[in-house]
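All values derive from a computational prediction rather than experimental measurement. The sequence lines fix the lettering, A, B, ..., with proteins before strands; numbering per chain opens at 1.
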Amino acid sequence: MRLSRYPINTLKEVPADAEVVSHRLMLRSGMIRRLAAGLYTWLPLGLRTLHKVERIIREEMDRAGALECIMPTVQPAELWKESGRWSKYGPELLRFKDRHEREFAYGPTHEEVITDIARRELRSYKQLPVNFYQIQSKFRDEIRPRFGVMRAREFLMKDAYSFHADEASLAQGYRAMFDAYTRMFTRMGLNFRAVQADGGSIGGSVTQEFHVLAESGEDAIAFSSEDDYAANVETARALPPREPRPAAAQAMRKVATPGVHTIAELSAFLKVPASACVKTLLVEGSAGEVVAFVVRGDHELNAVKAQKLPGVANPLRMASAARVREATGADPGSIGPVGFEGTVYVDHAAAQLGDFVCGANEADMHYVGVNWGRDLPEPLREDVRNVQPGDPSPSGRGTLRIARGIEVGHIFQLGQLYSEAMNASVLDEAGKALTMYMGCYGIGVTRVVAAAIEQNHDDQGIVWPEPLAPYQVLVLPLNYQKSSQVQSCADRLYEDLAATGIEVMLDDRDARPGVKFADADLIGIPHRIVIGERSLAQGRVEYRHRRDAQSAEIAIAEALPHLEARIER
RNA sequence: CGGGGCGUGGCGCAGCCUGGUAGCGCACUUGCAUGGGGUGCAAGGGGUCGGAAGUUCGAAUCUUCUCGCCCCGACCA
């Protein structure tokens, strides 16, 4: 490609709303442009990278035996009503009517459609297992789209669905997808981890996420220091403390704590560590009442764990200040479990405390020296907190550390969730109906591109992992318009490289060197050849890899073999 | 949805408080110079200030309504 014929500008300045590096760099380098909230156009440069991601995905899916198909983005409401998700999915599902007033949705995912295909086409256990996949647009009406294509409303997804005669086959198919994902992300040159996950609204029990590790990631991942245990903090188990609860040493007393509302203030005011205090949080129950959660002052409530407990509204909703007042007689900031009427779930660590501090359900008052079993009933213990760095690993070996990740893939063993609801069965060996077992496997294709940039950039711009770079080589002639030697050398090299099948971009613009260098770094093409009059007089050109600090001079005749030896294909 | 903020040439912003008919940087066009890390000089094109209503002799500026967007929290590839 000749850059002089590429009309998309690189930008020095960037829209004020672009916050994360990948978004900024994608805008600045001319990969994408925003159309509306959460909607992006992929310009030619960006599309090349997107296609590379797609190609790797296709190759590995095909290698794993999956079959590509493509389903409509627009889906009839009937299917969603059948699976029960028309009412469950909520406002994230974009719904609309056609001219005949029939209801449709723009697909946020395709379990219903594929299950419909499966139940129509699959008749016999002999046709199983089978795995269908597609790479296609999804729309999820996110509450808050942000970070460019990282969390867009319309995005490209690879989704795959497998069908099996039994659980063993499902586990095998799932494993095959795990391996395929591992190969894909490895081939893309990404630093990633597979982690244990929560099923969320898709459902299913066995499930793992693939995360690209990056500071800007929206998810927290817990890792064991000693083995390969890794889990999303949403789901990572906090082990109950081993030590027995210390015996009560103090009597319970009510103390005045004027103006104290947070654990930090409480801890500073009473000069006790936050870990000796207890935090009480009220959430909406499933039957109109409120439910209390008690965690240690230095711990955080884990919403995913909490909302699974009996009597708790799912999704979790914090009680309003008015509801808190109604239930306890005090404002949030002064509430506690002593005398609370209703369900109280207590985190293991909080249940282990003796002589602790908590709110007294009275403005500006707290209790100190509180003890379970004496001052209030023995607690209903549950794991309801987020794990923290230093916690023992649930795997039993090592302690946990926490890193951030961007979720680029998620695989599930769904079991018979959808096949049962939608009656998807085949005949087994005995001629009896057998409800199929399903797995589903997603990759956020557009998100992968953003994640790759989050992980691979420097102050100057993108540093593409070679397999994802829009072009492999950039030929950068200086003074191309004025020097006929430079021009003919650049043109020849460009043609030769292209003829060899190398993806090459030629910066033939009439621009100053500084502009070309800055754009080269911004766009991040891995291999760069600079052709300038100075070294050309010596019969040489300069080679530099985007990752290198220094360039090296090579003979013109060596340029092509030099590149061929270095390009990773 | 709850809380905060912003809408002024393509982008980044100033002007608004204290009404007087719109300005700066980048980008763009033309010319000259320059030519190894976002070059310099000169000339130019482009906005009616998100929209509507109102107050006023006069509104980007004040008032009301409305639309859109962004940021912080609960969702997901």
P-based separation of B:U48 from B:G23 [nearest Å]: 14 Å
On a whole-Å scale, what distance lies between the P atoms belonging to B:C41 and B:G5? 41 Å
Residue mapping more 5' on RNA chain B - nearest nucleotide basis, A:Asn479 or A:Gln307: A:Asn479
Within 6.0 Å of CD in A:Gln487, more than 12 heavy atoms from elsewhere: yes
For the residue pair A:Phe210 and A:Phe185, does the interplanar ring angle fall in the parallel (under 30°), tilted (30 to 60°) or perpendicular (over 60°) class? tilted
Between B:C76 and B:G68 - P atom distance, rounded Å: 26 Å
For A:Glu234 and A:Asn302: C-alpha separation, side-chain torsions, deciding distance, then whether side-chain hydrogen bond (donor to acceptor under 3.5 Å, both in side chains) applies. CA-CA 7 Å; A:Glu234 282 180 354; A:Asn302 178 306; over 6 Å; no
From the options B:C75, B:G37, B:C71, select the nucleotide whose nearest atom is closest to the side chain of A:Glu19. B:C71
Take atom CZ of A:Arg151 and atom C1' of B:C71, then tell me their distance rounded to the nearest Å. 15 Å
For nucleotides 2-6 of chain B, which of its nitrogen or oxygen atoms have a protein nitrogen or oxygen under 3.5 Å away, and what is each distance?
none

Write down the partner of B:C32 under the Watson-Crick or G-U wobble criteria, each distance required to be under 3.5 Å. B:G40
Under 30°, 30 to 60°, or over 60°: which ring-plane class applies to A:His527 and A:His545, parallel, tilted or perpendicular? perpendicular
Counterpart base for B:G2, defined by Watson-Crick or G-U wobble contacts under 3.5 Å: B:C72
Distance between C1' atoms of B:U18 and B:C26 (Å, rounded): 32 Å
What pairs of nitrogen or oxygen atoms, one from the protein and one from nucleotides 8-11 of chain B, lie under 3.5 Å apart?
residue: B:C11; atom: O2; partner: A:Glu13; partner atom: OE1; Å: 3.3

Once you round it to whole Å, what is the distance between P of B:A74 and CD of A:Glu218? 11 Å
Less than 3.5 Å between a donor and an acceptor, one on the side chain of A:Arg146 and one on the base of B:C69, is that the case here? no
Show every donor-acceptor pair shorter than 3.5 Å between a side-chain atom in residues 148-155 of chain A and any protein atom, with sequence neighbours excluded, or say none if there are none.
residue: A:Arg151; atom: NE; partner: A:Glu218; partner atom: OE2; Å: 3.3
residue: A:Arg151; atom: NH1; partner: A:Glu142; partner atom: OE1; Å: 3.1
residue: A:Arg151; atom: NH2; partner: A:Glu218; partner atom: OE2; Å: 3.1
residue: A:Arg153; atom: NE; partner: A:Ala37; partner atom: O; Å: 3.0
residue: A:Arg153; atom: NH1; partner: A:Asp141; partner atom: OD1; Å: 2.9
residue: A:Arg153; atom: NH2; partner: A:Ala37; partner atom: O; Å: 3.0
residue: A:Glu154; atom: OE2; partner: A:Ser137; partner atom: OG; Å: 3.0

Look at the aromatic rings of A:Tyr174 and A:Tyr441 and report parallel, tilted or perpendicular, splitting at 30° and 60°. tilted
Under a 3.5 Å cutoff, is there a donor and acceptor pairing between the side chains of A:Tyr480 and A:Asp491? yes
Scan side-chain atoms only and decide if A:Glu209 and A:Asn232 contain a donor-acceptor pair under the 3.5 Å cut-off. yes
Contact nearer the 5' end of RNA chain B, comparing A:Ala511 with A:Arg447: A:Ala511
What contact category does A:Asp219 fall into here, base, sugar-phosphate, or nothing, at under 4.0 angstrom with non-hydrogen atoms? base
If you measure only the distance, is there a donor-acceptor pair under 3.5 Å linking the side chains of A:His110 and A:Tyr161? no
Please work out which residues in residues 512-520 of chain A have a non-hydrogen atom less than 4.0 Å from an atom of RNA chain B and list them by number. A:Arg512, A:Pro513, A:Gly514, A:Val515, A:Phe517, A:Ala518, A:Asp519
How many whole angstroms separate atom CD of A:Glu142 from atom P of B:C75? 11 Å
Should we say atom CZ of A:Arg547 is surrounded by more than 12 heavy atoms from elsewhere, each under 6.0 Å from it? no
Strand-adjacent residues in residues 33-53 of chain A, judged by heavy atoms under 4.0 Å from RNA chain B: A:Arg34, A:Ala37
Any donor-acceptor N or O pair under 3.5 Å, side chains A:Tyr418, A:Asp116: no
To the nearest angstrom, how far is A:Arg85 atom CZ from B:C75 atom P? 17 Å
Just checking, any donor-acceptor pair under 3.5 angstrom between side chains of A:Glu407 and A:His410? yes
Check the surroundings of atom CZ in A:Arg237: do more than 12 heavy atoms from other residues, nucleotides or ligands lie under 6.0 Å from it? no
Using only modelled atom types and a 3.5 angstrom limit, is any donor from either the side chain of A:Arg28 or the base of B:G38 paired with an acceptor on the other? yes
Atom-to-atom span, CD1 of A:Ile406 to P of B:A77 - whole angstrom: 15 Å
How far, in whole Å, is B:G37 from B:U21 if one measures between their P atoms? 46 Å
Testing B:A77, B:G38, B:G36 for proximity to the side chain of A:Phe155, the answer is B:A77
Provide, to the nearest angstrom, the distance between the CZ atom belonging to A:Phe147 and the P atom belonging to B:C69. 18 Å
If a pair satisfies side chain to side chain donor-acceptor pair (under 3.5 Å) and one of its residues is in residues 180-192 of chain A, list it, with sequence neighbours excluded. A:Glu59-A:Arg187, A:Glu60-A:Arg183, A:Glu60-A:Arg187, A:Lys158-A:Tyr181
Answer for the Watson-Crick or wobble partner of B:A27, both distances under 3.5 Å, is none
Does A:Arg95 qualify as a cation-pi partner of A:Trp86, given the criterion of NZ or CZ under 6.0 Å from the six-membered ring centre and within 45 degrees of its axis? yes
Suppose you measure atom C1' in B:C11 against the same atom in B:G58; what distance do you get, rounded to whole Å? 33 Å
Roughly how many Å is it from CG in A:Asn302 to C1' in B:G73, rounded to a whole number? 16 Å
If I pick the C1' atom on B:A52 and the same atom on B:C71, what distance separates them, to the nearest angstrom? 27 Å
Whether the side chain of A:Gln460 and the base of B:G37 hold a donor-acceptor pair under 3.5 Å is what I'd like checked. no
A:Glu553 CD to B:G36 P, in whole Å, measures 15 Å
